[in-house]
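Data first, discussion second: the structure below is written as structure tokens.
First the proteins, then the strands, lettered A, B, ... as listed; each starts at 1. Just so it is clear, the model here is predicted, and its values are computed rather than measured.
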Amino acid sequence: MQTDVLAGLNPAQRDAVEHIEGPLLIIAGPGSGKTRVITHRIAYLVRVCGVSPYRIAAVTFTNKAAREMRERLDRLLGARAQELTAGTFHAFCASILRRDGQVIGLDRSFVIYDQEDQQSLIKRAMEEANIDPKRYPVGAILSVISKAKSELLEPAQYAATVKSYYEEIVLRVYERYQGMLNQSNALDFDDLILRVVRLFEQSPETLEKYRSRYLHLMVDEFQDTNVVQYALAKLIASKYRNICVVGDPDQSIYSWRNADIRNILSFKKDYPDTVVVNLGENYRSTKNILDTAQSLIKPNKARIERELWTSKGAGAPIIVKEAHTEEEEAQMVVDEVERLVKRENLHYSDCAVMYRINAQSRALEEACLRFGVPYRLIGGLRFYQRKEVKDVIAYLRVIQNPYDEVSLTRIINTPPRAIGSRTVEDATAWARGRSLPLYAGLQALVDARGDGVLNPRAVASVERFLLLMTGLREESAKLGAADLLDAVVERTGYRQYLMESSNDRGAEQWENVLELRGQAVEIEELAPEVGLEAFLEKVALVSDVDHLDQSKDALTLITLHQAKGLEFPVVFIVGMEEGLLPHARSRDDPAELEEERRLCYVGVTRAQQRLYLFRAFRRQMMGGSMAGVPSRFLQDIPPQLIATSTTAGTPTISGVTGRPSRGAAPVNGSASNQSAPMPSPLKAGDRVTHKQFGEGIVVNCVAAGTDHEVTVAFKSAAGVKRLLHSMAGLQKAG
DNA sequence: ATGTTTATTATTTTT
DNA sequence: TAATAAACAT
């Protein structure tokens with residue numbers, strides 16, 4: 001039995017699996033078999049050491065990671081795997097709070113607010129506090145509040161740290177915001193963790209219940225934990241001290257979401273008897289790719305030197321290419337993907353294109369569409385953030401918890417039912433004056449016939465709305481989540497509202513609602529008795545990457561951030577330019593630059609066999625066109641790992657030589673410094689023809705390096721295009 | 001109360 | 001450029 005759990009593990013992995021007593025820190029390089037170690041360690045605990053799975057908790061950051069862990073354990077442990085606690089920090093905390101939250105005065109039916117809900121609540125808090133959202137952007141305030149919460153600073157504690165006037169403003173908003181959350185019986189993501197920590201602090205009995213249950217605790221992606229999450233982990237492990245954390249400081253890319261790498265250092269301090277295991281053997285990538293990754297990450301100062309190795313061969317060289325424009329860059333990607341599929345016997349799904357910002361996906365999408373390459377775009381407009389999906393969820397939330405003010409104000413006039421912003425404002429003020437929650441305030445106002453603040457028409461509308469909601473709330477007691485959803489979209493007229501809406505997306509929006517319904521059906525099958533509650537929780541704590549179905553054979557388009565934890569035989573990283581990777585916003589902060597470097601490292605280490613690094617000389621950004629300087633990261637790759645290749649029909653420019661200088665940037669490699677642009681080949685008003693787009697008129701023609709950028713308005717559906725003269729093959733017509 | 005126009009502003013987003 | 005939000009007019 002023992003041999004079979006340990007079989008196939010390398011010595012370091014085996015050390016990690018067999019070390020089961022006391023604190024353990026596993027530093028897991030990319031592709032080092034981390035998940036394998038975690039799952040085998042759990043299997044070892046259960047099958048060899050006789051620990052009940054019921055007494056083991058494994059915490060991750062994504063549902064996907066949790067699910068994968070579960071699936072693998074199903075194979076290793078069979079049915080017993082079900083007893084294991086495996087989930088995200090947030091899901092774990094939500095279930096603790098549903099069970100034991102009453103101890104700190106939390107109502108069981110609380111709802112969970114996502115970022116959009118938070119923003120709308122903060123906005124209202126600012127309005128009520130008379131703070132100008134122009135001077136103090138909502139997003140910025142929210143991120144400060146979130147940071148405070150992630151450091152265990154509730155308004156009272158935060159108040160003690162306030163030093164600047166700005167923080168004074170934040171404090172004022174924070175206090176109000178938290179008050180409104182409480183009144184709405186709502187928790188934001190940070191609260192989920194924070195409240196559990198407070199629960200454990202305030203109720204030793206509750207803490208005892210959990211810390212004595214969990215003989216073993218494992219934390220995945222430890223480099224991404226924030227202060228609160230680590231505090232929680234310490235509390236859970238405070239009885240038995242069997243805490244195992246797994247992470248890789250070089251893959252820390254979420255510091256902007258308050259992840260704190262220092263937790264790794266704290267861990268060694270908090271647990272001086274920590275055993276550290278280094279997983280350095282990489283099973284994922286070829287030697288060339290791994291060497292590239294290492295040369296990229298090496299320059300980081302705030303880093304512990306570490307070697308990774310592989311027994312794989314060198315493999316294909318890294319391919320670095322330069323395109324003129326982002327369109328050409330996208331086309332080069334697509335061409336190469338096609339070549340790999342046709343000639344190298346690969347599938348589309350073996351390939352992924354990664355980029356720094358979502359806006360970059362557009363050119364790629366267009367190229368895929370044009371050349372008929374099937375693709376799968378991750379992120380972008382996220383399912384659960386779509387208006388129609390959020391609207392329906394808001395109805396369900398109000399049914400579960402009528403105090404949820406964000407959802408209530410969202411749906412009170414959607415579809416339009418003659419309850420305008422004026423009515424809502426007046427009613428809110430009236431309710432505030434009596435310290436009533438909005439929903440109760442509306443009821444009281446109807447009973448008081450408007451009480452002089454609402455006109456009879458408005459009172460009638462509100463009364464009709466309340467009757468509708470009361471009816472639905474009664475239904476909710478007898479209906480499952482899916483049936484309830486049906487009742488909502490029918491009785492509120494939401495379905496009709498979508499179908500008849502003037503925009504042409506109505507049918508598509510309705511499709512999304514149906515997809516949401518499908519998920520309700522799924523949940524009901526799993527947990528029929530807690531239908532609505534389970535559904536809403538799932539919907540709040542689940543992301544889109546979770547639904548990534550690998551079944552369809554398609555090219556994956558994904559941001560570098562989202563790519564963490566994934567792997568592909570072929571990886572393209574596009575936009576290897578200063579200002580994009582590293583992103584311009586990180587330019588002035590060395591710590592942020594190091595994070596950009598880690599982000600690049602994460603991207604590179606996703607590749608198993610082939611890696612392509614592309615950039616464009618010119619890129620459309622914020623309306624204008626920007627000259628792209630090669631990313632400084634390209635300089636750090638040893639030239640011998642790179643294949644110098646030629647783009648068909650275009651001169652190869654060795655833009656990877658010479659450190660990019662700030663300011664005066666050569667647009668076109670070596671040539672541009674000396675040679676003046678060629679004389680203008682075309683001028684505005686010239687008639688031209690293009691072999692693909694047909695006839696057109698030149699709108700503009702400007703020098704771009706040694707080339708010219710020609711803007712042409714085509715007669716065809718192509719419309720106005722910007723083309724490089726050398727590339728476009730424009731024929732001047734009479 | 002709702003459709004239209006102007007103004008504004010552009011990373012990343014595990015939960 | 002293009003998407004979204006606030007201001008505006010109806």
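By the 5.5 angstrom centroid cut-off and the 30-degree plane limit, A:His583 is classified as stacked against the base of B:dT11. Put simply, A:Trp256 rests on the base of B:dT12: the two rings are less than 5.5 Å apart at their centres and nearly parallel, under 30°.
Taking atom P on both C:dT4 and B:dT13, the two are 16 Å apart, rounded to the nearest angstrom. For B:dT12 and C:dA5, the P atoms lie 16 Å apart once the distance is rounded to whole Å.
Spacing between atom CG of A:Asn226 and atom P of B:dT13 amounts to 19 Å, rounded to whole angstrom units. The CD1 atom of A:Ile253 sits 17 Å away from the P atom of B:dT11 (whole-angstrom rounding). As rounded to whole Å, 12 Å separates atom P of C:dA6 from atom CE of A:Met126. Distance CD (A:Glu577) to C1' (B:dT11): 15 Å, rounded to an integer number of Å. The OH atom of A:Tyr497 sits 15 Å away from the P atom of B:dA1 (whole-angstrom rounding). At whole-Å resolution of the value, NE2 in A:His90 and P in B:dT13 are 17 Å apart. We find that CD of A:Glu594 is positioned 22 Å from P of B:dT12, with the value rounded to whole Å. The interatomic distance linking A:Glu366 (CD) with C:dT1 (C1') rounds to 12 Å, in whole Å.
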query: Does the ring-ring contact (aromatic ring centres under 6.0 Å, His included) test come out yes or no for A:Phe92 and A:Phe89, once each step is laid out?
result: CA-CA 5 Å; A:Phe92 181 52; A:Phe89 269 104; 7.9 Å; no
Residues A:Phe633, A:Tyr601; criterion ring-ring contact (aromatic ring centres under 6.0 Å, His included); working and verdict: CA-CA 10 Å; A:Phe633 301 150; A:Tyr601 174 79; over 10 Å; no
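Donor-acceptor pairing under 3.5 Å is recorded for the side chains of A:Thr225 and A:Asn263. Under the 3.5 Å distance criterion, with hydrogens and angles disregarded, no donor-acceptor pair is assigned to the side chains of A:Gln118 and A:Glu116. Side-chain polar atoms of A:Thr325 and A:Arg618 form no donor-acceptor pair below 3.5 angstrom.
Salt bridge annotation for A:Lys149-A:Asp188: present, with a cationic side-chain nitrogen under 4.0 angstrom from a carboxylate oxygen.
Contact annotation for A:Leu192: no contact, since no heavy-atom pair falls under 4.0 Å across all strands.
Residue-to-nucleotide proximity on DNA chain B shows that, of A:Ser586 and A:Asp224, the 5′-proximal contact is made by A:Ser586. Between A:Glu596 and A:Asp190, the residue anchored closer to the 5' end of DNA chain B is A:Glu596, taking for each the nucleotide with the nearest heavy atom.
Considering only the side chain of A:His561, B:dT12 comes nearest among B:dT15, B:dT2, B:dT12. Of the listed nucleotides (B:dT13, B:dT2, B:dT11), B:dT2 has the atom at the smallest distance from the side chain of A:Pro416. Ranking B:dT13, B:dT15, B:dT2 by closeness to the A:Asn413 side chain, first place goes to B:dT2. Residue A:Arg585 has its side chain nearest to B:dA10 when only B:dT15, B:dT12, B:dA10 are considered. Of the listed nucleotides (B:dT15, B:dT11, B:dT13), B:dT13 has the atom at the smallest distance from the side chain of A:Tyr254.
Look at A:Arg362 and you'll find a side-chain N or O under 4.0 angstrom from OP1 or OP2 of C:dA2. Here A:Gln115 does not reach the OP1 or OP2 of B:dT15: none of its side-chain N or O atoms lies under 4.0 Å away. Residue A:Lys123 places at least one side-chain N or O under 4.0 Å from the OP1 or OP2 atom of C:dA6. Distances shorter than 4.0 Å separate some side-chain N or O of A:Asn358 from OP1 or OP2 on B:dT12. Contact annotation: A:Thr559 side-chain N/O to B:dT13 OP1/OP2 distance is under 4.0 Å.
A tilted orientation is assigned to the rings of A:Tyr254 and A:His561, their planes being inclined by 30° to 60°.
Stem analysis of DNA chain B (at least three stacked-register Watson-Crick or G-U pairs, each with both distances under 3.5 Å) gives B:1-10 with C:1-10.
In this structure, the side chain to side chain contact (heavy atoms under 4.5 Å, CB included) partners of A:Ile131, at least two apart in sequence or on a different chain, are A:Met126, A:Ala129, A:Tyr136, A:Ile169, A:Arg172, A:Val173.
By the 4.5 Å heavy-atom criterion applied to side chains, A:Val227 and A:Arg262 are not counted as neighbours.
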